[in-house]
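A short write-up of the structure that comes next.
Naming: A, B, ... by sequence-line order, numbering from 1 per chain.
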There are 2 protein chains.
Amino acid sequence: MTSESSIRVVLVDDHFQMHRIVQTILGATEDIKLVGQAANGQEGLNLCEQYQPDIVLMDVVMPVMGGIQATQVLHERYPDIKVLVLSSFQDHESVYAMLRNGAVGYLTKGTLAEDLAETIRATCQGKMVFSSDVGAQLVSPPQPSKDYHLTDRELEVLVHLAEGLSNQQTALKLSISTSTLKYHMNNIYEKLGVQTRSEALVLAAKNNMI
Amino acid sequence: MTSESSIRVVLVDDHFQMHRIVQTILGATEDIKLVGQAANGQEGLNLCEQYQPDIVLMDVVMPVMGGIQATQVLHERYPDIKVLVLSSFQDHESVYAMLRNGAVGYLTKGTLAEDLAETIRATCQGKMVFSSDVGAQLVSPPQPSKDYHLTDRELEVLVHLAEGLSNQQTALKLSISTSTLKYHMNNIYEKLGVQTRSEALVLAAKNNMI
DNA sequence: TCGATACCTGTCCAAATGGACAGGTATTTT
DNA sequence: AAAATACCTGTCCATTTGGACAGGTATCGA
């Protein structure tokens with residue numbers, strides 16, 4: 001953070017239109033100054049070296065050097081500079097690629113007008129900010145828990161086997177015969193689309209069924 | 001959104017201290033009003049029904065009804081009310097549980113003072129806001145978890161067995177004998193602290209080793 | 001050079017698993 | 001009443017597994 005009085009921002013985007021919009025928005029604020037504008041990642045890096053901004057508004061897809069690579073280099077070289085992504089894309093890959101490389105926020109361009117200044121201030125205070133459409137990407141990955149509509153009994157069987165119990169021990173615990181247990185197992189294999197006990201258990205574990 | 005002029009907030013937290021802090025912070029703002037305060041999820045739901053706030057500041061761990069369940073019900077019943085989590089916890093499970101149930105932001109209590117008002121405003125505008133320590137959880141999901149210091153070979157064995165291959169098939173694939181494979185398996189059992197193949201695979205799956 | 005580690009191999013045998021049958025009951029839906 | 005589900009049980013037999021040995025080599029660091 002170079003300045004106490006105002007937040008210094010560099011914009012890196014290859015669309016003329018974006019430059020206009022951001023200029024307009026930030027021109028109306030007292031505490032945020034647009035100190036540099038670049039049209040690709042390479043230029044952006046140069047500007048950052050020159051101006052040492054607090055915040056970089058970074059596009060993802062750009063000629064010469066894209067936002068993903070630029071963010072990576074920037075984050076390595078100047079860990080204090082915060083990268084806020086402005087992108088038309090909101091796919092899972094882009095979002096996570098940028099976040100992994102050090103971005104601390106991600107806005108889709110459509111939501112830009114909603115209040116870029118607020119977002120920049122929040123980002124400056126160490127918050128991570130996402131537009132709601134991007135947020136959907138953040139929440140979705142750990143919920144691939146498909147429903148294989150196993151019955152309660154089948155779930156019970158699976159849980160006990162996952163604990164390392166043998167067929168006999170499990171059967172005993174559920175008060176059924178090993179024949180019945182094998183019957184349940186076969187149904188489980190069928191429903192999960194697997195052929196072996198190992199596959200069934202791994203799949204169940206990965207889907208948080210056990 | 002019931003009001004144009006000011007943002008209406010309900011706080012749901014079982015710690016007296018938090019009520020004091022939030023009162024102080026929001027008491028100093030013109031555009032944000034703390035219209036209700038509850039000590040648990042159940043009370044929180046009642047207050048929301050009564051006041052229809054724009055934002056709910058929600059703790060996670062509370063008596064009677066926790067934040068996870070309360071958020072779920074709230075989101076179902078009043079989809080327009082935005083839940084912003086205030087929690088001491090920042091573990092992956094808590095964060096994702098809340099987000100899945102409809103929360104649109106997550107702040108750790110330690111970062112609260114940094115500017116709750118800004119965050120509330122950004123949230124109101126449809127942004128998702130996270131404190132930086134929580135953000136780490138969002139980016140990290142594919143963490144290899146604990147290190148059981150399995151050797152490369154042992155990992156290979158596990159991966160193939162997880163795919164449902166038999167000992168023989170796996171041995172063939174790795175160009176070793178089944179004897180060697182069993183040797184590896186025993187070492188794996190030892191290192192993972194388990195007794196059976198099933199346990200080993202489940203543990204490995206849950207720890208993203210395979 | 002010694003010890004530790006990872007890796008590899010074998011044999012013998014008991015136990016566990018799974019496939020292929022061939023039955024049964026209770027409940028719910030059509 | 002027939003069909004569909006979920007659930008239960010058995011037998012017979014091949015395959016798989018894992019335990020308990022008892023060996024081997026190559027590499028690396030003390």
Among [options], which is the nearest nucleotide to the side chain of [X]?
X	options	value
B:Gln168	C:dC7, D:dT16, C:dG10	D:dT16
B:Tyr183	C:dT9, D:dT9, C:dG19	C:dT9
B:Lys182	D:dT17, D:dG18, D:dC8	D:dG18
A:Ser179	C:dC8, D:dG10, C:dC7	D:dG10
B:Arg153	C:dC7, C:dC12, D:dT9	C:dC7
A:Thr151	C:dG10, D:dG10, D:dA6	D:dA6
B:Ile176	C:dG18, D:dT16, C:dC8	C:dC8

Quick one, which residues of residues 184-196 of chain A touch DNA chain D with a heavy atom under 4.0 Å?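 Only A:His184 qualify.
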
Phosphate contact ([N] OP1 or OP2) by [X] side-chain N/O below 4.0 Å:
X	N	value
B:Ser177	C:dC8	no
A:Thr180	D:dT9	yes
A:Asn167	C:dA16	no

Within the side chain of B:Asp31, is there an N or O that forms a donor-acceptor pair under 3.5 Å with the backbone of B:Ser6?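 No, because the side chain of B:Asp31 does not come within donor-acceptor range (under 3.5 Å) of the backbone of B:Ser6.
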
Under a 3.5 Å distance rule, please check whether A:Gln69 uses its side chain to pair with a backbone N or O of A:Met65 as donor and acceptor.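 Judged by distance alone, no pair lies under 3.5 Å.
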
Figure out the CZ/C1' separation between B:Arg197 and C:dA15, and round it to whole Å.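 Atom CZ in B:Arg197 sits about 14 Å away from atom C1' in C:dA15.
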
Rounded distance in Å - CG (A:Leu161) to P (C:dT17):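 Whole-Å distance recorded here is 8 Å.
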
Does any donor atom in the side chain of A:Ser94 or A:Asp91 lie under 3.5 Å from an acceptor atom in the other side chain?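 Short answer, yes.
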
Do B:His184 and B:Glu154 meet the criterion of a side-chain donor-acceptor pair at a distance under 3.5 Å?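 Note: B:His184 and B:Glu154 side chains miss the donor-acceptor criterion.
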
Do B:Leu57 and B:Val12 have side-chain heavy atoms sitting under 4.5 Å apart?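 No, every pair of side-chain atoms sits at 4.5 Å or beyond.
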
Ion pair check, A:Asp13 and A:Lys109, cut-off under 4.0 Å: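 The answer is yes: the pair qualifies as a salt bridge.
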
Closest heavy-atom contact between A:Leu165 and A:Gln169?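 Heavy atoms of A:Leu165 and A:Gln169 come nearest at CA-OE1, 3.4 Å.
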
